[in-house]
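What follows is a short report on a single structure.
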Amino acid sequence: MMTMSTEQYFSTELLAWYRLQKRDLPWRQNRDPYRIWVSEIMLQQTRVDTVIPYYLRFMEKFPTVRALAEAPEEEVLKCWEGLGYYSRARNLQAGARTVADLYDGIIPDDTASVSGLKGVGPYTTGAIMSIAFNRPEPAVDGNVMRVLSRYFCLEEDIARPATRVSIEKLAASLIPEGEAGDFNQALMELGALVCTPKSPGCLTCPVMEHCAARIAGRELELPVKTKAKPPRVELRASVIVTGRGEQEGKVLVRQRPDSGLLAGMWELPHILLPDGGKMWFPESERERNSEATEQLARLVDEEAGVLIRPHGIREDADHLFSHIHWKMRIYEADTGKADDAVEPLAAAEAPAPYHVSSPYRWIGKEDMGELPFPNLFLRILNDYWEGKRQR
DNA sequence: AAATCGGGGAC
DNA sequence: GTCCCAGATTT
């Protein structure tokens, strides 16, 4: 028998293992490039179990490229609500519109064209080309970098962009003839099910015999990855404004700008406060509260033309992003009326009452289903509608 | 090369 | 608490 290289052994054994062990996932029902595309975008930095319910709802609502291309952006974001990295949804729809307009609604079997779609980077290009079209392109994600770092005992820092490039070349060289789709998925499946970050299951690994890291007893040291910086702390003040009269029982919300953090999503109005030691309770909590509520009142007056009277603290909430840690205090406020005995705060020029410029809206509980909210505000508002008392 | 983009599951 | 997940884009 001909001797087999460790590379040939790896690809052959991995592929055989995958065909026996692969999970039955919704996007593996067929090779429809659109279904593969949507799944790969959703799976970016997101676990399979988290994606599945979103994927099923999304495919039901937007079953084809054209359905997605023709939908209002707000509906797409609403379908993405809670999944995070919302630019993925906006880019995906932009890509769908490109395919609808330029490629007659058919995703082209062409690497350069697929790579040119918004939100489709090196990994997703390889995933779509290999899984949907069986083209021999590498698809290197975190799983693949971990698996190959261990099997070949590579010590390059996988946090460095250059490392992904070099591992792509290695991964491409390992693709068996005519088996790109299954091989790439097999690499990722092994990383997800066996060659896991914490306690890899070397005893059940199909390629353990020739795994360099395991042989060297170094599987727990690899891959090498520099640690991320801790998120910066931001102190924020937000407000639930409850309406009166025309707006009885409604709450004032606003839409975020169409770029940057949580782009296009809806939220409660809030402001960034100066550091102040990043604590809500220095000696002078009262001054801090009055300064925050005054600024909020000024903001809501100027941006929405609504006069408010803050009357208490609803809750404090922490929300963690990858790079920012929001420490937010949520106040409660009423809307002032012209004939009120109590003078509302920020009663400056007294603009037209209840006039709300476009990024602001009064909404009731029944409107929550219309607008996309990030998780923090979704939770706060749902608690509010359920009548939960805070503090 | 580094920062910016969410949220949650596993430990 | 930590790590990191079927990463892409911007600076």
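In what follows, chains are A, B, ... by sequence order, proteins preceding strands, each numbered from 1.
Toward the 5′ end of DNA chain C lies the nearest nucleotide of A:Leu320, the other residue of the pair A:Gly142 and A:Leu320 mapping further downstream. With the nearest nucleotide of DNA chain B identified for both A:Phe321 and A:Lys198, A:Phe321 has the one nearer the 5' end. In terms of position on DNA chain C, the residue among A:Ser115 and A:Lys225 whose nearest nucleotide sits closer to the 5' end is A:Lys225. Nearer the 5' end of DNA chain B, as judged by each residue's closest nucleotide, is the contact made by A:Arg160, out of A:Arg160 and A:His323.
Under the 3.5 Å distance criterion, with hydrogens and angles disregarded, a donor-acceptor pair is assigned to the side chains of A:Thr242 and A:Asp334. Using modelled atom types and a 3.5 Å distance limit, the side chains of A:Tyr151 and A:Thr6 yield a donor-acceptor pair. Side-chain atoms of A:Asp141 and A:Asn143 form a donor-acceptor pair, as typed in the model, at a separation below 3.5 Å.
Using a 4.0 Å heavy-atom criterion, one finds that A:Leu378 contacts no nucleic acid atom at all. Here A:Val120 lies in heavy-atom contact (under 4.0 Å) with sugar-phosphate atoms only. Note on A:Arg28: a base of the nucleic acid sits closer than 4.0 angstrom, heavy atoms only. Across all strands, A:Trp27 comes closer than 4.0 Å to base atoms (heavy-atom distances). Here A:Arg146 lies in heavy-atom contact (under 4.0 Å) with sugar-phosphate atoms only. Nucleic acid contact for A:Thr124: sugar-phosphate only, since backbone atoms but no base atoms lie under 4.0 Å from a heavy atom of the residue.
In this structure, A:Glu137 does not pair ionically with A:Arg135, as no charged nitrogen and carboxylate oxygen lie closer than 4.0 Å. Between A:Arg28 and A:Glu189 there is a salt bridge, with a side-chain nitrogen of the basic residue lying less than 4.0 Å from a carboxylate oxygen of the acidic one. A salt bridge does not link A:Arg150 with A:Glu219: every distance from a Lys NZ or Arg NE/NH1/NH2 to an Asp or Glu carboxylate oxygen is 4.0 Å or more. The pair A:Glu291-A:Arg288 does not meet the salt-bridge criterion, since no charged nitrogen lies less than 4.0 angstrom from a carboxylate oxygen. Salt bridge status for A:Lys327 with A:Asp316: absent, with no side-chain N to carboxylate O gap under 4.0 Å. A salt bridge does not link A:Arg23 with A:Asp49: every distance from a Lys NZ or Arg NE/NH1/NH2 to an Asp or Glu carboxylate oxygen is 4.0 Å or more. Under 4.0 Å is where a charged nitrogen must lie from a carboxylate oxygen, and between A:Asp101 and A:Arg97 no such pair does.
Distance noted for atom C1' between B:dG8 and C:dT9: 23 Å (whole Å). On the P atoms, C:dT10 is 14 Å away from B:dG6, given to the nearest whole Å. Between C:dC5 and B:dC5, the distance separating the two C1' atoms is 15 Å to the nearest Å.
Ring-plane geometry between A:Trp326 and A:His319 is classed as tilted, the angle between the planes lying from 30 to 60 degrees on a 0 to 90 degree scale.
For the pair A:Asn184 CG and C:dG7 P, the interatomic distance rounds to 13 Å; values are reported in whole Å. To the nearest angstrom, P of C:dC5 lies 14 Å from CD of A:Gln44. A straight line from CE of A:Met188 to P of C:dC4 spans 19 Å, rounded to a whole angstrom. Look at CD1 on A:Ile41: it is 18 Å from P on C:dC5, rounded to the nearest Å. The distance between atom CD of A:Glu189 and atom P of C:dC5, rounded to the nearest whole Å, is 15 Å. Atom NZ of A:Lys227 and atom P of C:dC4 are 10 Å apart (whole Å). The distance between atom CH2 of A:Trp37 and atom P of C:dA8, rounded to the nearest whole Å, is 14 Å. One atom, CG of A:Asp49, and another, P of C:dC4, lie 19 Å apart when rounded to the nearest Å.
Applying a 4.0 Å cut-off to non-hydrogen atoms, none of the residues of residues 61-78 of chain A approaches DNA chain B. The stretch residues 79-98 of chain A comes close to DNA chain B through A:Gly82, A:Leu83, A:Gly84, A:Tyr85, A:Tyr86, each having a heavy atom under 4.0 Å from the strand.
When atom types are taken as modelled, the side chain of A:Glu81 and the backbone of A:Phe373 share a donor-acceptor pair closer than 3.5 angstrom.
The side chain of A:Gln45 places an N or O atom within less than 4.0 Å of a non-bridging phosphate oxygen (OP1 or OP2) of C:dG7.
On the nucleic acid side, DNA chain B contacts chain A at distances under 4.0 Å to non-hydrogen atoms, with the end points of that region at B:dA3 to B:dG9.
Within the 4.5 Å cutoff, the side chain of A:Arg361 has heavy atoms near those of the A:Trp266 side chain.
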